[in-house]
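In what follows, chains carry the letters A, B, and so on, assigned in the order in which the sequence lines appear, proteins first and then strands, with residues in each chain numbered from 1. Values reported hereafter were calculated over all heavy atoms of this structure, with side chains retained and with hydrogens, waters and symmetry mates removed.
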Amino acid sequence: MDYEVEAKYLSKKERRAIPRQSMPEQAPDVRNKDFSEVTLGFGLLEAQYEAARCIQCKDPACVKGCPVGINIPAFLEQIVEGDLNGAINTVWDRTALPAVCGRVCPQEIQCEEVCVVGKKKGREPVGIGNLEMFIADWARDTGVTNEVEIPPSTGKKVAVVGSGPAGITVAGDLAKKGHDVTIYEAFHRAGGVLLYGIPEFRLAKSIVDYEIEQLKKLGVKIVCNTVVGRTVDVDELIEEMGYDAVFIGVGAGLPNFLNIPGEDLNGVFSANEYLTRANLMKAFDFPKYDTPIIPGRNVAILGAGNVAMDAARTAIRLGAKKVTIVYRRTREQSPSRKIEIHHAEQEGVQFKFLTSPLEFIGDANGKLVGINCEKMELGEPDEGGRARPIPTGEHEYIDCDLAIISIGTSANPLLTKTTENLKLNKWGNIEADRRTGKTTKKGVWAGGDITLGQATVILAMGMGRDAANSIDAYLKGEEEW
Amino acid sequence: MYKIVRREEMAHGTIILNEIEAPQIAKKAKAGQFVILIANERGERIPLTMADVDKEKGTITIIYMIVGKSTRLFSTLKVGDGYSDVVGPLGQPTHIEKKGTVVCVGGGTGTAVLHPITRAMYQAGNRVIAIVGARNKDYIIMKEQMQNVSHELRICTDDGSEGRHGFVTEELKEILESEDVAEVVAIGPVPMMKFVSKLTKEYGVPTTVSLNPIMIDGTGMCGGCRVTIGGMTKFACVDGPEFDGHQVDFDGLMRRLLAYKTEEEHSENCFFEQEA
Ligand SMILES: Cc1cc2nc3c(=O)[nH]c(=O)nc-3n(C[C@H](O)[C@H](O)[C@H](O)COP(=O)(O)OP(=O)(O)OC[C@H]3O[C@@H](n4cnc5c(N)ncnc54)[C@H](O)[C@@H]3O)c2cc1C
Ligand code: SF4
Ligand code: FES
């Protein structure tokens, strides 16, 4: 497109005729050898044209579709008008991490799914996610920060356990309200899944580091290498270390395994291990970095969610000749974002649907050489309404020297087992009030994946914000426990 | 940074001791638990079981043998230098109880890890017999310390340069033949733990071993440390590191320890080139 006229001078009719602006991306055969970000971001004029596609609904569906209720039409119009400062502040009003959310939120099942523009035949919804990314990147590049006047210190101390999106949000919000906040993180660097799980090519680590730096500027103390439940426990934080409130945002980090024979062979990984080696430990740059990774030539990924796509695309970048996603259901049933499947396919990832692993096969040295699988077909719907895959009895052998198990994660019991009076649900997630994040233990809040099971960044962020409001009210004595 | 306050060399400089400032860890650490250390921002996460803890000074002690790039890098750190990261204490502490006669068997640097456990067994009122094995007399570590926390110390060397000329299992067999042993604790190279467990199984004597598989996080989030115990998958970092020796699949553990052999050799060679 040429952008000769600024979008704000276009008539309503002209605005409606603008096609959805495609996100500039690195070419698939370039990016599949390299870990830098795939999406390059909009320029200003492009962004203004995209934002001008919004028809400014009176009762905007997109806002209801957004888990944290960002005033989407308002920030889009501010972009069109060139009030970028106004636009970013509209966004910050509801999310602490727009640069992250713009990149990793599943907009196609949230705001963009319900956008009325996309409901017309042959039309696509407004690219809300791409615009969120644009405005957040603009703010970071120009050094515009979410300046708020920090009230005088309240003298109240808050401990935040875990430095993922939930913990980052709680810490930032409470520091801005004058509380003394310390984050305790088990790993040697802060950022949670944003750092160790989601790969660089989808979310540059410099963005996560920037957000952590912002927290430090607000006076938040970040103490790494502290496993709560081992190095200190929750009761010690409250009783001995004088914290007035504790927020638990430890995520859902325990990898599920298939529990089939051969799972202990060399070459069989959990996605968590594979991605942690590659992302956090930078094994892609071995031996410059000391952590090694097995460089598979022929890689099978078991599972087809977002994490599976991340693992597949990481394997491609680490030089695999062939990467196959093996999934026991169909493409339509894959829980992954469509854009992730699309990106993976573009980069050369192959798919085998209706195929379920039965056994890992190894050689005499205990090295993986293949997987015995069974072909499935779709049967009756299960409780969730999804057609259940049922075995056909037909077998298939898949050659591979690396298998990455990516069938979800559960709550890690390390902290919850060592904390008394913390009620858990049957899956081991912490029970927390949906509105406030309060747990059954006095002075302790929780949010994010540890309460929801593996969910999304935006839900973790949203719960963090709700919990921060509740903690603030409690510390000011406005809210009883 | 976690500062090194004391450094010692043993066994011709192949085994290194570091006492490290880590007050928070020292406060909580119990016998049998481990820490994960990173040398610098490019380093990998290396798990090592603590050999000692000084709660008053706020220090922990690790003893390691130089076996690859990372331990070689660790060995270049001097007093006053430090590790960029140390996290712990991780894993389950040893179950200590008064049981009667306990035999503590250490091989190689395993003896360092065995020492605090032996001491705890001794202090709990057990009759403690310690067996320490090594290649030759120069590689025997912590002899005096082990002597101080046991009623009897027996030494075995592969070449007979000190104590019995032979393996720890031979010494252990003699004891099992002549005494009523309530428990054996064996810590050392995997083959040693395997053969000790095989022997004690014949005698029906409960046996605890400490496993040190490859780890990343040490908190249960990667599953890289998984070991097979009685046919079940366990995570050594949270369920262990100590397990019932009669249930451990030692061969599986040995295979998994070799998963990165090629990469490890490559990494060490690069390190040598860099140093040269
Ligand atoms: C590979 C991958 C890709 C994903 N892709 C997407 C995506 O595209 N879009 C999306 O919306 N969501 C995605 N998700 C999910 C999303 O990342 C999570 O829902 C979100 O990060 C949860 O945030 P959290 O703050 O609850 O926890 P986490 O981000 O999990 O952070 C928890 C932190 O707590 C630390 N911790 C754990 N235990 C302790 C302890 N005992 N003491 C101290 N610290 C502790 C952990 O080390 C970690 O840093 C993805 C997840 C993965 C694994
Ligand atoms: S639903 Fe679509 S058109 Fe309507 S306000 Fe939201 S973004 Fe604009
Ligand atoms: S080291 Fe990762 S689960 Fe044990």
Side-chain angles (χ1 to χ4, degrees), chain A residues 185-189 196-197 223-233 236 250-257 259 263-277 280-283 285-295 362 364-367 405 409 412-415 417, chain B residues 2 22 24-25 27-28 33 35-36 38-46 68-70 73 84-91 214 216-228 232-233 235 237-238 249 251-264 266-271:
Chain A
E185 166 58 46
F187 264 128
H188 54 284
R189 279 180 66 194
Y196 74 70
V223 183
C224 288
N225 298 320
T226 306
V227 183
V228 176
R230 290 268 196 267
T231 319
V232 292
D233 49 47
E236 270 176 288
V250 293
L254 193 77
N256 298 337
F257 281 88
N259 297 316
E263 214 154 31
D264 66 337
L265 291 168
N266 287 336
V268 180
F269 283 91
S270 73
N272 262 7
E273 179 180 359
Y274 188 73
L275 290 170
T276 303
R277 282 180 182 270
L280 178 69
M281 305 311 295
K282 298 200 167 30
D285 211 356
F286 178 84
K288 191 169 149 200
Y289 286 80
D290 293 340
T291 304
I293 198 159
I294 294 180
N365 299 319
K367 263 190 86 255
I405 301 170
T409 55
N412 187 331
L414 196 147
L415 179 143
K417 259 194 187 165
Chain B
Y2 297 75
Q24 200 65 42
I25 301 173
K27 190 173 155 213
K28 288 303 255 319
Q33 289 187 301
V35 290
I36 288 183
I38 310 179
N40 59 39
E41 67 283 357
R42 289 191 188 169
E44 62 181 326
R45 297 173 65 94
I46 298 289
K69 152 84 196 256
S70 287
L73 178 65
S84 67
D85 300 276
V86 182
V87 60
L90 301 170
I214 295 170
I216 296 277
D217 55 297
T219 62
M221 68 71 71
C222 78
C225 64
R226 60 194 189 279
V227 287
T228 310
M232 305 263 288
T233 298
F235 290 0
C237 70
V238 284
D249 172 7
D251 297 337
L253 172 64
M254 213 117 68
R255 281 196 302 268
R256 284 186 68 79
L257 282 168
L258 295 176
Y260 295 97
K261 196 162 175 274
T262 330
E263 287 80 13
E264 280 161 7
H266 178 56
S267 183
E268 198 175 5
N269 287 337
C270 292
F271 184 71

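- Contacts of A:Tyr274 with chain B are absent, with no heavy-atom separation under 4.5 Å from either backbone or side chain.
- Contacts between B:Ile38 and chain A at a heavy-atom distance below 4.5 Å involve the side chain alone, from C-beta outward.
- Contacts of A:Leu414 with chain B are made by side-chain atoms alone, with heavy-atom separations under 4.5 Å and no backbone atom involved.
- Under the 3.5 Å distance criterion, the side-chain polar atoms of A:Thr231 are matched with a main-chain donor or acceptor of B:Gly88.
- For chain A, the nearby part of B:Arg226 is the side chain; its heavy atoms alone come within less than 4.5 Å.
- A:Leu265 touches chain B through its backbone: at least one of N, CA, C or O sits under 4.5 Å from a heavy atom, while the side chain does not.
- Side-chain contact check for B:Asp217 and B:Thr219: at least one donor-acceptor pair (N or O, by modelled atom type) lies under 3.5 Å.
- Both the backbone and the side chain of A:Asp233 have a heavy atom closer than 4.5 Å to some heavy atom of chain B.
- With B:Asp85 contributing its side chain and A:Asn225 its backbone, the two residues share no donor-acceptor pair below 3.5 Å.
- Interface summary for chain B: among A:Lys282, A:Arg189, A:Arg277, A:Glu236, the most heavy-atom pairs under 4.5 angstrom belong to A:Arg277.
- A:Phe187 is linked by a ring pair (Phe, Tyr, Trp, His ring centres under 6.0 Å) to A:Tyr196, counting only residues two or more places apart in sequence or in another chain.
- B:Arg256 contributes a side-chain N or O that, together with a main-chain N or O of A:Asp264, makes up a donor-acceptor pair within less than 3.5 Å.
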